[in-house]
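Read the structure below first, then the notes.
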Amino acid sequence: MTETQPNQNRTLPDRDAPIGVFDSGVGGLTVVREIIRQIPNEKIIYFGDTARVPYGNKSQETVTRFSEQIVRFLRTFQVKTIVAACNTVSAYAMEALERDIDIPILGVVKPGAKTAVSATRNGRIGVIATEATIGSQIYTKYITELNQNVSIYGKACPLFVPLVEEGLLEDPVTDEIARRYLTELIDIDIDTLILGCTHYPLIRSTLGRIMGERVTLVNPAYETARKLRELLTGRNLLCETPPGLGSNRYQFYVSDKADKFVRFANSIIKYGILSAKTVNIETY
Ligand code: DGL
């Protein structure tokens, strides 16, 4: 078994190097799922900060510090690129992360904004996300850069993350809370809704049912994976050969107990994830 090992001595990453993906917890797995779908030959090192989730109610300084630690950890695997598969990190920490890094790093907000601008027909876009992402106005900024004539309506939905983490994906409680959050967006007549938190695609059917068929739900993961493929292709870093049998192509790390994460991961990525390792991320 040729497991990718942490390595402090950096050389230039090559095509066979893994991609680093991280999130505050399990939500980023919805982005991993999309990456696997679109570029199946790639190796992935995933880190979920399960000890410190949620990020969505923390300060910019804290989220940036956590993100910097995780990037340092991922870089020990000689990753060729990093995906911040967390809207809160993308809203709060991208500038700081980009400043300090010499490999490409992608967030999920820009790709989500782009998809929404192409999808809207009536120029009314809703964004649902954590308090941090909504408060940062980051979607408004990127959408307005693409099209000044679009109106954006943000709504923080802080109860969705714990509901998803509890596995209440199809449940009357989730349904009721979603109705309360979404009523004002329905009244405003949006025709496009960005799922601006990596957990939300997991309750997509509930959200879709409540918003109705007329509203397009945008999952930024799709466009993020597409952009990642484009970026790797442009730099001649796309892995063309499938990793061999037993090459341990997906590795998962967490900052707290691994068992719940593994159960959750298996329900999202149907690849038989057998284990995740616990890492003391504070030491990075
Ligand atoms: N992954 C986070 C996001 O996409 C949601 C969970 C959290 O608050 O940490 O914003």
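Counting convention: from 1, in listed order, for ligands and their atoms alike. In this chain, numbering begins with 1 at the start of the sequence shown.
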(request) Quick one: sort the F73 and Y284 rings into parallel, tilted or perpendicular, breaks at 30° and 60°. (result) perpendicular
(message) Geometry only, no angles: is G56 polar-contacting ligand 1 at N/O separations under 3.5 Å?
(response) yes
(request) Check each atom of ligand 1 against the heavy atoms of Y55 and keep those under 4.0 Å away; list them by number with element. (result) 7 (C), 8 (O), 9 (O)
(message) For atom 2 (C) of ligand 1, what is the closest protein heavy atom, and at what distance to 0.1 Å?
(response) C86 SG, 3.5 Å
(request) Record the part of T88 in heavy-atom contact with ligand 1 below 4.0 Å; permitted values are side chain, backbone, both and neither. (result) both
(request) Identify the protein heavy atom lying closest to atom 1 (N) of ligand 1, giving its residue, its atom name and the separation to 0.1 Å. (result) D23 OD1, 2.7 Å
(request) Identify, by atom number and element, the atoms of ligand 1 in contact range of H199, meaning under 4.0 Å from any of its heavy atoms. (result) 5 (C), 6 (C)
(request) Heavy-atom contacts with V53 under 4.0 Å: which atoms of ligand 1 show up? List them by number with element. (result) 9 (O)
(message) Under a plain distance cut-off of 3.5 Å, with no hydrogens placed, do D191 and T120 share a side-chain donor-acceptor pair?
(response) yes
(message) Quick check on contacts: which atoms of ligand 1 are under 4.0 angstrom from a heavy atom of S24?
(response) 1 (N), 2 (C), 6 (C), 7 (C), 9 (O)
(message) I need the contact type for T130 against ligand 1. Using non-hydrogen atoms and a strict under-4.0 Å cut-off, is it side chain, backbone, both or neither?
(response) side chain
(message) Just so I know, are the side chains of V127 and K155 near enough to count as touching, which here means a heavy-atom distance under 4.5 Å?
(response) no
(message) I'd like to know if P54 contacts ligand 1, where contact means a heavy-atom distance under 4.0 Å to any ligand atom.
(response) yes
(request) Decide yes or no for I103 and R75: does some side-chain heavy atom of the first lie under 4.5 Å from some side-chain heavy atom of the second? (result) yes
(request) Examine the proximity of ligand 1 to N87 and report which part, side chain or backbone, both or neither, has a heavy atom under 4.0 Å away. (result) both
(request) If you have a sec, work out which protein heavy atom is nearest atom 5 (C) of ligand 1 and how many Å separate them, to one decimal? (result) C197 SG, 3.3 Å
(message) For E170 and S205, which I'm curious about, is there any donor-acceptor pair between the side chains at under 3.5 Å?
(response) yes
(request) Check whether any side-chain heavy atom of D49 lies under 4.5 Å from a side-chain heavy atom of F22, and answer yes or no. (result) no
(request) Could you check if a side-chain atom of F47 sits within less than 4.5 angstrom of a side-chain atom of S255, using non-hydrogen atoms only? (result) yes
(message) Parallel, tilted or perpendicular: which one describes the rings of Y181 and F160, with boundaries at 30° and 60°?
(response) perpendicular
